[in-house]
Amino acid sequence: MLGKLNWHAIPFDQPIPMAAALLVVVTILAVLSLVTWKGWWPYLWREWLTSVDHKRIGVMYVLLALVLLLRGFMDAIMMRSQLAIAAGGAQGYLPPEHYDQIFSAHGTIMIFFMAMPFMVGLMNFVVPLQLGVRDVAFPVLNAISFWLTASGALLVNISLVVGEFARTGWLAYPPLSELQFSPGVGVDYYLWALQISGIGTLLAGINMVTTILKLRAPGMGYMRMPVFCWTALCSSMLIVAAFPVLTATFGMLLLDRYVGMHFFTNDGGGNFMMYINLIWIWGHPEVYILALPAFGIFSEVIATFSGKPLFGYRSMVLATLAICVLSFMVWLHHFFTMGAGADVNAVFGIASMIIAIPTGVKLFNWLFTLYRGRIRFEVPVLWAIGFMVTFAIGGMTGVLQAVPPADFVLHNSLFLVAHFHNVIIGSVVFGAMAGYYYWFPKAFGFTLERRLGVVSFWCWLIGFYLAFMPLYALGLLGMTRRMQHYADLSWQPYLIVAEVGAVIILCGIVATVAQLVVSIRTRESRRDLGGDPWNGRTLEWSTSSPPPAYNFAVLPQVDSLDAFWAMKQRGPRRAAARYESIEVPRNSANGFVTAFFAVVTGFAMIWHIWWLAILGLVCAVLTLLAFGWVERVEQEVSGEQLANDERVRLRPMDPA
């Protein structure tokens, strides 16, 4: 009846998972009780859970990412603490099987459920506003995308309480992930969570590509789009090209595990190296799926706070497109040691060095934009400057590993771990935090407290260097990754310094939480009444903060790059003489209900509860069909209401 599920699936004999699970359950119950006590359920259902407004969905993506940042960082600090003490005869506090689950969950959560939702959320919120349009191309599909991503995140966290998570690393290489070596449900949790969330990400990419190519304000040609829109377009095209590969790869591994096929089992005629090729054909574009939107954020931030146009706009666009193409030509540098031969390694080594050129073009463009600009050192600029220094170091270590002979020495060492975090934290996390601070007043109508933002930045920057620079040295000394214990006591001082760095990063995360609490409490004194707190250059700053559901009462007419900056130079903004009625999409519970059944189906497949899996899948399909037959999908906003809204919005900006 319940397949493989029984009471032994709950780790009653392991105090750490049970304590963590109890904390999570108590927190969830407290939140649900508060919402019920305050009577917020109707508001949440109407304004958030069933919303198809791209801005609300973008905010929910970012909120999911921030929550999973806390969850993923808990794993990180547990690993750092273990390695700081597990030297020589000391075994530390984490048993090997639990430690393996922790580093696997850390990588999975941080990449798939923190970095991806953060970037997709910022793109969701900002891109339609920058394009001067009222929503994304497919609003209901957008909601389904988010809720499927949240479903995958929920399944990963259920594994904390019921069963186990994978012990294979965040990419689940065979043969370790095959049934023979991972007979438990950990790999199944990994595969089904990522299959469900991957479908959501693919749908989000299709939606964003369609929006950018087909929905732009009148007069906004491709070479008048903000750079963030270009980076969002290239990132979304990479999603559309790469995520089907991931889905197919995981599908084959699922068939290996569930029905005894042999795509990746050498003994059965398969080839586990094919899995590694396929996973990195997705994996290296994934790095730029995350990094390109961050590059776009830094472009917007640096241009705005320098008070001048971005230097070399066309070269920046071409560099973005070059990275988009080249990112698909370098995947094999992740496994130079597979024995492909000197010729193959040389080709991929050269390609890996070439991709550094357009990245360098971007770096110089940002520096030249800052040069002789009237720089305002607001918090987003601090993140941008910290990024440029940190990412340059990460890029140099990446070029070093693009040399096959050097990679033979460094492969699978902590040098690689340091490089990866150097690039991902330096670009994606710093970019996400810059975008979070920069667009927060546009989303919520008030600015964030500055001093705690500065504290958070410096804690992250100092903590990062303390946490990961020692790992470069340890990699050169011969320490490999995924070690739960080590015998060489000379490594311990480096790992203690890394632990101190992780604690300082924790202080930065605490400062971010405190900043949000303080900002909410003092929001009346920091209201953004004019909609343009930073003296911005792009169209999202031309509307109110927060923007109305329809974004623009009248679609803006674009005649130059930095469209809003040009509008401001022409004088004060005035209300239009007449407003036409417009239509906006109605709320839809499609995404929320579909995601519920996706979780049921995924959980049932993990535990081999076949009747429940069939029931969940049928209900999910029926939900999609039922909502597909709904005829009234839009509602009208009258011209009179638009006129009233615009009068209220423009009053603070009216010199009279």
Side-chain angles (χ1 to χ4, degrees), residues 42-43 46-48 50-59 124-143 207 210-212 214-221 224-226 229 441-445 527-533 536 538-560 563-588 630-656:
Y43 168 78
R46 182 181 67 254
E47 298 294 333
W48 294 96
T50 62
S51 176
V52 297
D53 183 349
H54 72 94
K55 300 178 291 297
R56 296 290 173 96
I57 292 170
V59 169
N124 250 287
F125 183 87
V126 176
V127 166
L129 291 169
Q130 287 196 336
L131 293 176
V133 298
R134 295 198 171 101
D135 211 318
V136 293
F138 311 113
V140 176
L141 190 68
N142 200 25
N207 208 345
T210 308
T211 301
I212 296 172
K214 292 296 184 182
L215 299 180
R216 298 189 302 278
M220 182 174 282
R224 290 177 181 171
M225 289 198 310
C229 293
K442 179 55 56 179
F444 296 103
R527 288 287 181 192
D528 172 25
L529 299 177
D532 185 20
T538 45
L539 287 175
E540 74 269 30
W541 305 111
S542 68
T543 187
S544 59
S545 297
Y550 49 81
N551 290 350
F552 301 94
V554 177
L555 295 182
Q557 180 69 43
V558 175
D559 53 19
S560 66
F564 182 50
W565 185 263
M567 292 176 187
K568 289 191 287 188
Q569 306 313 304
R570 291 196 286 266
R573 288 169 278 169
R574 303 287 186 183
R578 182 169 178 272
Y579 291 94
E580 301 285 346
S581 298
I582 61 174
E583 291 184 335
V584 295
R586 289 178 177 272
N587 283 10
S588 173
V630 173
E631 294 185 359
R632 296 186 62 195
V633 296
E634 294 181 329
Q635 60 188 8
E636 185 180 272
V637 180
S638 67
E640 291 79 8
Q641 182 179 339
L642 292 175
N644 290 333
D645 291 349
E646 285 298 283
R647 276 195 293 270
V648 171
R649 182 179 74 85
L650 293 171
R651 190 173 296 133
M653 295 170 269
D654 191 340

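Throughout, residue positions are numbered sequentially from 1 according to the sequence presented. The figures here come from the full heavy-atom set of this structure, side chains too, leaving out hydrogens, waters and symmetry mates.
None of Ser51, Pro128, Pro585 except one satisfies the side chain to side chain contact (heavy atoms under 4.5 Å, CB included) rule with Pro139; the exception is Pro585.
Taking the charged nitrogens against the carboxylate oxygens, Asp528 and Lys442 have no contact shorter than 4.0 Å, which rules out a salt bridge. Asp559 and Arg570 are joined by a salt bridge, as a carboxylate oxygen and a charged side-chain nitrogen come within less than 4.0 angstrom of each other. With respect to Glu634 and Arg586, no salt bridge is recorded, no charged nitrogen being found less than 4.0 Å from a carboxylate O.
A donor and an acceptor atom, one from each side chain of Asp135 and Asn551, are nowhere located under 3.5 Å apart.
With hydrogens and angles ignored, the 3.5 Å screen pairs no side-chain donor or acceptor of Ser560 with any backbone N or O of Ala563. Checking side-chain atoms of Thr538 against main-chain N and O of Pro226 turns up no donor-acceptor pair under 3.5 Å. Using a distance-only test at 3.5 Å, with no hydrogens or angles considered, no donor-acceptor pair links the side chain of Arg56 to the main chain of Phe125. A donor-acceptor contact shorter than 3.5 Å links the side chain of Ser542 to the backbone of Leu539. Ser544 places a side-chain N or O within 3.5 Å of a backbone atom of Pro546 that can act as its donor or acceptor partner.
Taking 4.5 Å as the limit, every side-chain heavy atom of Glu583 sits out of range of all side-chain heavy atoms of Gln635. Proximity of Asp532 to Phe564: side-chain heavy atoms (C-beta onward) are separated by under 4.5 Å at one or more points. When side chains are defined from C-beta on, Val554 does not count as touching Glu580, because their heavy atoms never get closer than 4.5 Å. Inter-residue side-chain proximity for Val637 and Ser581 is flagged as unmet; no heavy-atom pair is nearer than 4.5 Å. The side-chain heavy atoms of Pro533 and Pro441, taken from C-beta on, include a pair separated by under 4.5 Å. No side-chain heavy atom of Phe552 sits less than 4.5 Å from a side-chain heavy atom of Val133. Using a 4.5 Å cut-off on side-chain heavy atoms (C-beta onward), Val136 and Asn124 make contact. Counting heavy atoms from C-beta outward, Val59 and Trp48 have side chains that approach closer than 4.5 Å.
Between the CG atom of Leu555 and the CZ atom of Arg216 there is a distance of 13.0 Å, given to the nearest 0.5 Å. Distance check, rounded to the nearest 0.5 Å: CG of Asn644 to CD of Glu640 gives 8.0 Å. Between the CD atom in Gln130 and the CH2 atom in Trp541 there is a gap of 9.5 Å [rounded to 0.5 Å]. Taking CG of Asn142 as the reference point, atom CG of Asn207 lies at 5.0 Å (rounded to 0.5 Å). Taken to the nearest 0.5 Å, the CD atom of Gln557 stands 10.5 Å off from the CE atom of Met220.
Nearest heavy-atom pair, Leu131 versus Ile212, reported as atom, atom and distance to 0.1 Å: CD1-CA, 3.9 Å. Across every non-hydrogen atom of Thr211 and Ala137, the tightest pair is OG1-N, 2.8 Å. Pro556 and Gly132 get closest at one heavy-atom pair: CD-O, 3.6 Å. The shortest non-hydrogen separation linking Ala549 to Lys55 is O-NZ, 3.4 Å.
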Report the C-alpha separation of Glu636 and Ile582 in whole Å, then their side-chain angles, then the decisive distance to 0.1 Å, and conclude whether the side chain to side chain contact (heavy atoms under 4.5 Å, CB included) test is met. CA-CA 6 Å; Glu636 185 180 272; Ile582 61 174; over 6 Å; no
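For the side-chain hydrogen bond (donor to acceptor under 3.5 Å, both in side chains) test, residues two or more places apart in sequence or in another chain that qualify with Arg527 are Glu524.
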